[in-house]
Protein chains: 2
Amino acid sequence: MPNDPAPRHPTLADVAAKAGVSASTASLAFSGSGPVSDATKERVLAAAAELGYAGPDPRARSLRRGRSGIVGVVLEERVRAAFLDPVKIRTLDGIADGIAPLGAGLLLLPDLGEGESTLTIESAPVDAVVLLWCGLRSSRSIEALQARGIPIVGIECEVGEGLPRITIDNHEATRRGAEYLRELGHRDVAVVALPFDTVRRRGAVSDEQVAAATNVVTLERLAGAREIYPDAPAVETAASSIEEGRIAGFTLLDVDPADRPTAIIAQSDLLAAGVIGAAEELGIDVPGELSVIGFDGIRVDGLQHDLTTLDQPSAAKGRAAGEAVVRLLAGEQPESVAFTSTLHIGDTTARLG
Amino acid sequence: MPNDPAPRHPTLADVAAKAGVSASTASLAFSGSGPVSDATKERVLAAAAELGYAGPDPRARSLRRGRSGIVGVVLEERVRAAFLDPVKIRTLDGIADGIAPLGAGLLLLPDLGEGESTLTIESAPVDAVVLLWCGLRSSRSIEALQARGIPIVGIECEVGEGLPRITIDNHEATRRGAEYLRELGHRDVAVVALPFDTVRRRGAVSDEQVAAATNVVTLERLAGAREIYPDAPAVETAASSIEEGRIAGFTLLDVDPADRPTAIIAQSDLLAAGVIGAAEELGIDVPGELSVIGFDGIRVDGLQHDLTTLDQPSAAKGRAAGEAVVRLLAGEQPESVAFTSTLHIGDTTARLG
DNA sequence: CATCGACCTCGAATCGATTCGAGAGGCCGC
DNA sequence: GCGGCCTCTCGAATCGATTCGAGGTCGATG
């Protein structure tokens, strides 16, 4: 046995040598369709099996081919958090569906590496990228991707000139919800808002904060509400979750009943569920004393009510984004797509009085 | 303006040339910590900015470095389906948590490319792989990964000698659940089982089918139930979903009341919820006329009952797998981890009679 | 018998960056 | 004023596979 200090893994060259062919021929034998005689191909495969060669190295292959077969999905904040938000899950589901023809994998990427992150948007070997509710941070990354010629699709995300975007009618839909509350006779309406930017805060929001906000979805929905209720106070939350909704609910409801709003527009169903929970804990009847309207149209875990909400097609949004990716990679120029939400009237809203 | 037929993207070499340094120096300037003077580094960065160079190509970098910063998660079947299963979501969540120290991205891979899939387990540029409820198909892939020296961790998955596995006490837990039913006086108990292998079927399961099954989880849970009820009939489902549970529920319950089981052991909470739904549609009272026990301990969307179930720590399982990956990549030899489920007694089980 | 294809196989260039050891200056101390 | 050391920079090799055009062999045809 000769010295074998470095038990490296076999490479294509090793296989080729063992099979008595050139590396190029071996490569052809593996890629399948090349003009290689059956005998040769078999010999190469046999040599590979004997050496324990498991096929071409994906890294080298993707370098040479220029494609990795991976589509990145950029999530604001931690990857973990995305798994807790049913809307994101549904959207991811749709994306997976939409890119199915590519046979590509889905790489989940946090927007900003949390300090130690080695794999960032810029350093990930992706063929295309879908941005999901991206914040301001992404703008530099977007430039980097564009410089590298990587197709980008944005979902609810300002993504720059000429790039396809998937959106819904945040403003218009919320306005419709607010109008419905007005028809029910409500005059004192408050908004429980999604985060305004990537710095997560809680509590009442001043006009300056609104002006400085970067989260487009939050702003559009807020503007839609204020088109009907220009003076509606807004409470910011740190995330879209039931617990955050509950906290915001207490802020708005645990006050002198005279100062209490009669209706609350929550910017997500999870927040709405939290608000309803807070109301119940405070002995406030929903919808008798308080009407609550949500956004998303998900079914909230544990919520006993049929939430009045603005039903948005999350999965369809994801699918549209996936399809846009496919077309971009095919060299086409897909259009942006704007979806529409529908007002679902449940049992959490009622006529005032 | 000279002819510019191929508007290629700039490479490190271009930047180096523009900055008047060698490619090696430019590389050092980008990787940051190398012994490069500030003046030079600045010059390189300026040249890069001017050329619109967005940093080193991830593909080339990963080829040279031998690491891609990606951890693959192999899901049986379609990626899409995983997003619909709360248990998988929770586990993914845990994995993301566990590998956080790596700062790596999470690449979701279907077990078998659905025909056209280009990115398979073997051809994905991953540094490590977590197998999630993998089926038989994976075994070839596992060999390929091992041949390439890629660390593997299995969750509820036979993964081969010496590789760390994350498991729960499927057999023992189900036995405990069955014992509880026996204590309640039940004698006619049926099992609504998860899929037996990757060929999705529905309906009553014969002994031959059990013998030929490959899904370890299904088998272990079935064996646990049959330790107490050796003759318990089993119905196979095509997936873990409420709808599948409903279908199986009808199979078992839509019969002569004399032939009806008095209790059903469902192998997942979603299946249990479906069974309960079927019972309600058939006018069978739960738990009055039928006791139902689930597995997982998730809260099922829309289910009004507090399900009696075997609560398993899904997120912890994922986290343990993630941590095992981290340690494998650090050259350590992590142990397998076996978690324990606890019997949660809700209001879907009752004493017989 | 010579020539023309058809069919395989091979060499060499390429993808883009990283890394290691060597070498070139500049600065300090004696 | 000179040797030695330290700091920065560069060349060249390497990672592993793919691809294109060239060349070689063999059978068939005029």
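By convention in this document, chain letters (A, B, ...) are assigned in the order of the sequence lines, proteins followed by strands, and residues within each chain are numbered from 1.
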Query raised in the report: Just checking T11(B): base, sugar-phosphate only, or nothing, at a heavy-atom cut-off of under 4.0 Å?
Result: sugar-phosphate
Requested in this report: Write down the distance between NE2 (H9(A)) and P (dC15(D)), rounded to a whole number of angstrom.
Outcome: 14 Å
Requested in this report: Assess the pair F83(B) and F83(A): is the distance between their ring centroids shorter than 6.0 Å?
Outcome: no
Query raised in the report: Within the pair R61(B) and dT18(C), is there a side-chain N or O less than 4.0 Å away from OP1 or OP2?
Result: yes
Report summary line: E42(B) CD to dC8(D) P, in whole Å, measures 15 Å
Report task. Using a 4.5 Å cut-off on heavy atoms from C-beta on, say whether the side chain of L131(B) contacts that of I152(B). Result -> yes
Query raised in the report: Where the side chain of R64(A) is defined as all heavy atoms beyond and including C-beta, which of dT18(D), dT18(C), dG11(D) is the nearest nucleotide?
Result: dT18(D)
Query - Distance test, side-chain N/O of T25(A) to OP1/OP2 of dC10(C), below 4.0 Å - result: yes
Query raised in the report: Under 4.0 Å between a side-chain N/O of S37(B) and OP1 or OP2 of dT7(D), yes or no?
Result: no
Query - Side-chain donor/acceptor of S22(B) to base of dG11(D), under 3.5 Å - result: no
Query raised in the report: Do the side chain of R65(B) and the base of dT18(C) come within less than 3.5 angstrom through a donor-acceptor pair of N or O atoms?
Result: no
Query raised in the report: Of A23(B) and A23(A), whose closest DNA chain D nucleotide lies nearer the 5' terminus?
Result: A23(B)
Requested in this report: Grab the CG-P distance between L12(A) and dT9(C) for me, whole Å please.
Outcome: 15 Å
Query - Residue pair D97(A) / E323(A), side-chain heavy-atom distance below 4.5 Å - result: no
Query raised in the report: Looking across every strand, which nucleic acid part, if any, lies under 4.0 Å from P56(B) by heavy atom: base, sugar-phosphate, or nothing?
Result: sugar-phosphate
Query raised in the report: With the threshold set at 4.0 Å, does a side-chain nitrogen-carboxylate oxygen contact exist between E156(B) and R165(B)?
Result: no
Report summary line: Assert: residue with more 5' nearest nucleotide on DNA chain C, out of L28(B) and L63(B), is L63(B)
**Report entry** T40(A) side-chain N/O to dT9(C) phosphate OP1/OP2 under 4.0 Å
**Finding:** yes
**Report entry** Heavy-atom side-chain proximity of P164(A) to L328(A) below 4.5 angstrom
**Finding:** yes
**Report entry** R59(B) CZ to dT18(D) C1', straight-line distance once rounded to whole Å
**Finding:** 14 Å
Requested in this report: Take the protein atom CZ of F30(A) and the nucleotide atom C1' of dG16(D), then report the distance between them rounded to whole Å.
Outcome: 13 Å
